[in-house]
*Asks:* 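Provided herewith is a single structure, encoded as structure tokens, for subsequent inquiry.
What you see is a predicted model; the values in this text were computed from it and never measured.
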Amino acid sequence: MRYWLLMIGYWLLCVCCGAKGPAKTEQAKTMEDTIAIESTIDIDVEYTKEDSALVVKLLTEAKTQRGKENRMMYFGKKFLGLPYVGSTLENGDKEHLIVNLHGLDCTTFVETVLALSLCDQQDARTFNDYCNNLEKIRYRDGKMTDYTSRLHYFTWWGDDNVKLGIVKDIGMMDAPFMGIQKVQINYMSKYPQRYKQLKNHPEFIPIIKKYEDETNGKEYPFILKRDLDWHPSTPLAMVRDGDIVAMLTDRDGLDTRHIGIAFWKNGKLHLLHASSLYKKVLMSKETFYEYEKKQPKHIGIRVWRMVE
């Protein structure tokens with residue numbers, strides 16, 4: 001009995017004096033940090049605790065593990081094998097920032113990787129930092145208001161992110177940018193019934209059409225599909241690992257058909273992307289040129305690079 005009384009007394013003494021227990025595991029610490037971070041989010045965000053914990057984990061690891069590897073490639077490869085899931089931004093009736101790292105389409109894959117890369121560049125490693133960067137990337141002038149503020153066409157996305165200094169358009173009126181895209185977009189205003197938000201909110205349609213009309217007629221240099229087979233000793237070498245690439249179209253009132261990240265392998269350009277064909281994020285074994293030859297509606301690519 002005396003033994004147990006002594007043990008109880010020792011336990012009470014430890015509690016009162018604040019004696020430390022076993023050291024917390026790194027996973028427990030990460031989850032506690034995540035919970036604390038979540039309480040500071042100041043915009044309307046939809047996410048899971050698993051996704052917010054993963055953001056913090058990836059950003060924390062990058063500080064010691066990335067080394068000199070290109071940020072876009074480093075974070076892009078973290079999602080290899082992740083399922084392709086389309087229309088993940090269409091949840092609910094009110095526009096809100098959706099964070100979804102367990103299923104990505106081609107655009108949300110690029111946005112996710114770029115937001116993580118920006119955080120790493122800024123040495124900003126909280127979930128709130130990530131959400132703020134994602135909002136800047138995804139919405140007009142970097143600010144989410146309603147459905148019309150989302151950068152639905154990638155021409156809008158490119159122009160806005162260039163204006164904000166997040167990426168630079170490396171297109172120039174010279175090789176390898178030998179084509180000129182004259183933008184003509186009207187798909188969203190022509191087919192509003194195909195978009196839940198436009199169907200539910202017809203007042204958004206004239207706003208979208210106004211933005212479309214303001215874009216139409218703009219011209220941008222691009223790399224013709226046939227020139228993607230050039231060797232890296234040619235002007236195509238100006239495309240670097242980690243560059244964001246948009247596959248262009250001149251049909252159906254659209255400007256682009258697919259988005260991804262370029263990388264070089266064995267002297268040929270390849271594509272890291274969320275593939276709707278293979279239903280996952282992958283680094284294409286076929287060259288970018290071979291991939292594009294199979295896409296009859298594609299005419300070539302535009303290229304952006306994260307500003308370092």
*Asks:* Output all residues satisfying ring-ring contact (aromatic ring centres under 6.0 Å, His included) with H298, sequence neighbours left out; order by chain, then residue number.
*Replies:* none
*Asks:* Does either side chain, that of R125 or that of Y130, offer a donor lying less than 3.5 Å from an acceptor on the other one?
*Replies:* no
*Asks:* Can you list the other members of the hydrophobic cluster that holds L89, where links are side-chain heavy atoms under 4.5 angstrom apart?
*Replies:* I98
*Asks:* Output the rest of the hydrophobic cluster of L248: all Ile, Leu, Val, Met, Phe, Trp and Tyr residues reachable through side-chain heavy-atom contacts under 4.5 Å, sorted by chain and number.
*Replies:* M178, F222, L224, I299
*Asks:* Per the salt bridge (Lys or Arg N to Asp or Glu O under 4.0 Å) rule, what does the pair list look like for residues 62-71, sequence neighbours excluded?
*Replies:* K63-D123, R66-D120, E69-K77, R71-D120, R71-E308
*Asks:* Output all residues satisfying ring-ring contact (aromatic ring centres under 6.0 Å, His included) with F204, sequence neighbours left out; order by chain, then residue number.
*Replies:* H201
*Asks:* By the salt bridge (Lys or Arg N to Asp or Glu O under 4.0 Å) test, which pairs, at least two apart or in different chains, include something from residues 84-103?
*Replies:* E90-R150, E95-R150
*Asks:* Among all residues two or more places apart in sequence or in another chain, which pass the ring-ring contact (aromatic ring centres under 6.0 Å, His included) test with W230?
*Replies:* none
*Asks:* Please table the atom pairs, donor to acceptor, closer than 3.5 Å between any side-chain atom in residues 159-168 and protein atoms at least two apart or in another chain.
*Replies:*
{"unit_1": "D159", "atom_1": "OD1", "unit_2": "Y220", "atom_2": "OH", "d": "3.3"}
{"unit_1": "D159", "atom_1": "OD2", "unit_2": "Y220", "atom_2": "OH", "d": "2.6"}
{"unit_1": "D160", "atom_1": "OD1", "unit_2": "D141", "atom_2": "N", "d": "3.1"}
{"unit_1": "D160", "atom_1": "OD2", "unit_2": "D141", "atom_2": "N", "d": "2.9"}
{"unit_1": "N161", "atom_1": "ND2", "unit_2": "I137", "atom_2": "O", "d": "3.1"}
{"unit_1": "N161", "atom_1": "ND2", "unit_2": "W157", "atom_2": "O", "d": "2.9"}
{"unit_1": "K163", "atom_1": "NZ", "unit_2": "D141", "atom_2": "OD1", "d": "2.6"}

*Asks:* Charged N to carboxylate O below 4.0 Å: is that the case for K210 and E214?
*Replies:* yes
*Asks:* With side chains defined as the heavy atoms from C-beta onward, is the minimum distance between I259 and M247 less than 4.5 Å?
*Replies:* no
*Asks:* Under the ring-ring contact (aromatic ring centres under 6.0 Å, His included) rule, collect the residues that match up with Y278, sequence neighbours excluded.
*Replies:* none
*Asks:* Please find out if less than 6.0 Å separates the ring center of Y47 from that of F127.
*Replies:* yes
*Asks:* Is there a donor-acceptor contact under 3.5 Å linking the side chains of Q122 and D129?
*Replies:* no
*Asks:* Once ring-ring contact (aromatic ring centres under 6.0 Å, His included) is applied, what residue pairs with a partner in residues 234-271 remain, sequence neighbours excluded?
*Replies:* H258-H273, F263-H270
*Asks:* Assess R226 against Y289: is NZ or CZ under 6.0 Å from the centre of the six-membered ring, and within 45 degrees of the ring's axis?
*Replies:* no
*Asks:* For side-chain contact (heavy atoms from CB on, under 4.5 Å), just list the numbers for V303 and I244, CA-CA rounded to whole Å, side-chain angles, deciding distance to a tenth of an Å, and then say yes or no.
*Replies:* CA-CA 6 Å; V303 187; I244 298 166; over 6 Å; no
*Asks:* For Y147 and H152, I'd like to know if the aromatic rings sit close, meaning centre-to-centre distance below 6.0 Å.
*Replies:* yes
*Asks:* Answer yes or no: is there an ion pair linking D250 with R257, defined by an N-O contact shorter than 4.0 Å?
*Replies:* no
*Asks:* Going by the ring-ring contact (aromatic ring centres under 6.0 Å, His included) test, which pairs reach into residues 61-105, not counting sequence neighbours?
*Replies:* none
*Asks:* Do S189 and N186 have a side chain donor and acceptor closer than 3.5 Å?
*Replies:* no
*Asks:* Give a yes or no on this: more than 12 heavy atoms of other residues, nucleotides or ligands lie within 6.0 Å of atom NZ of K136.
*Replies:* no
*Asks:* Evaluate side chain to side chain donor-acceptor pair (under 3.5 Å) for E212 paired with Y187, printing each intermediate quantity in order.
*Replies:* CA-CA 9 Å; E212 290 174 338; Y187 190 88; over 6 Å; no
*Asks:* Is there a donor-acceptor contact under 3.5 Å linking the side chains of N100 and T88?
*Replies:* no
*Asks:* With sequence neighbours excluded, what pairs up with K293 under the salt bridge (charged side-chain N to carboxylate O under 4.0 Å, His left out) test?
*Replies:* none
*Asks:* Looking only at side-chain N and O atoms, does T148 offer a donor or acceptor that is under 3.5 Å from a partner on D146?
*Replies:* yes
*Asks:* Can you tell me if N216 uses its side chain to pair, donor with acceptor, with the backbone of I185 under 3.5 Å?
*Replies:* yes
